[in-house]
Amino acid sequence: DVKVTQSSRYLVKRTGEKVFLECVQDMDHENMFWYRQDPGLGLRLIYFSYDVKMKEKGDIPEGYSVSREKKERFSLILESASTNQTSMYLCASSSGGGGTDTQYFGPGTRLTVL
Amino acid sequence: GENVEQHPSTLSVQEGDSAVIKCTYSDSASNYFPWYKQELGKRPQLIIDIRSNVGEKKDQRIAVTLNKTAKHFSLHITETQPEDSAVYFCAASRSNFGNEKLTFGTGTRLTIIP
């Protein structure tokens, strides 16, 4: 059973703080993704990674960066948090490399920036 | 890039009746179309998917149809039950079996009325 975990379910930060959101998957998946989910806007892709130390911009990368130093871990970084980054953040992984396209999601982190 | 539009944004259906959710996509090279279900407070999970070499796929009470010419695909749920109440997301990608990103629609909140 695929397990994708995220470091926090709820997080409250101040404007200007540097914020780290961590995601870990235990299925040796190649691909990992970060989305933000906002009402009426669906799931929007921030960044994704097909391999260790590799990253690609998604549709809304501004204000975010990512790090993938190990295959199982994908971190999302808000360099200087702003109120418009208040959202639900979802991490996902998929097997890649000729496997299925199914993305398995983590439980989400609800981030509030004050 | 790909753009996926999803309608309706909300749908209320009497228990036992059918529900249909429709999506259109813009990229004619897209070839993989999954549907994800997100119950309240839970993570999105894949419920069914279809590839462009197939026109229809069924799994018990759910089915997906694809019209490549019109760049349109739909989710059909028959004999709806209370546990079908959730937000449903369609998505599209240029799948190379796990090496492409998904573009999601904005979601449909389905409510089953007992």
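Chain identifiers are assigned alphabetically (A, B, ...) following the order of the sequence lines, protein sequences preceding nucleic acid strands; residue numbering begins at 1 within each chain.
When side chains are defined from C-beta on, A:Q103 counts as touching B:L102, because their heavy atoms get closer than 4.5 Å. Side-chain contact between B:F89 and A:Q37 is present, with at least one heavy-atom pair separated by less than 4.5 Å.
The contact between A:L90 and chain B is made entirely by side chain atoms (from C-beta outward), counting heavy-atom distances below 4.5 Å. In this structure, the portions of B:P44 lying under 4.5 Å from any heavy atom of chain A include both its backbone and its side chain. Using a 4.5 Å cut-off between heavy atoms, B:Q38 touches chain A through its side chain atoms alone.
Listed options A:G58, A:G106, A:G40 were ranked by heavy-atom pairs under 4.5 angstrom with chain B; first place goes to A:G106.
Linking Ile, Leu, Val, Met, Phe, Trp and Tyr residues whenever their side-chain heavy atoms come within less than 4.5 Å leaves B:L46 and B:F73 in two separate clusters. B:I77 and B:V64 fall within the same hydrophobic cluster, where Ile, Leu, Val, Met, Phe, Trp and Tyr residues are linked whenever their side-chain heavy atoms come under 4.5 Å apart, directly or through other members. By the rule that hydrophobic residues join a cluster once side-chain heavy atoms approach within less than 4.5 Å of another member, B:V20 and B:I50 end up as members of separate clusters. Using a 4.5 Å cut-off between side-chain heavy atoms of Ile, Leu, Val, Met, Phe, Trp and Tyr, with links allowed through other members, A:I60 and A:L21 fall into the same hydrophobic cluster. Residue A:M27 is not grouped with residue A:V24 when hydrophobic side chains (ILVMFWY) are merged at heavy-atom distances under 4.5 angstrom, including chains of intermediate members.
Distance check: A:Y104 OH to B:R43 CZ gives 12.5 Å after rounding to the nearest 0.5 Å. Note that the OG1 atom of B:T106 and the CG atom of A:L43 stand 10.0 Å from one another [nearest 0.5 Å]. Rounded to the nearest 0.5 Å, atoms OH (A:Y50) and NZ (B:K101) are 8.0 Å apart. The OG1 atom of A:T102 sits 5.5 Å away from atom OH of B:Y36, with the distance rounded to the nearest 0.5 Å.
Applying the 6.0 Å contact sphere to CD of A:E79 captures more than 12 heavy atoms from other residues, nucleotides or ligands. For CG of A:L114, the number of neighbouring non-hydrogen atoms (other residues, nucleotides, ligands) closer than 6.0 Å is greater than 12.
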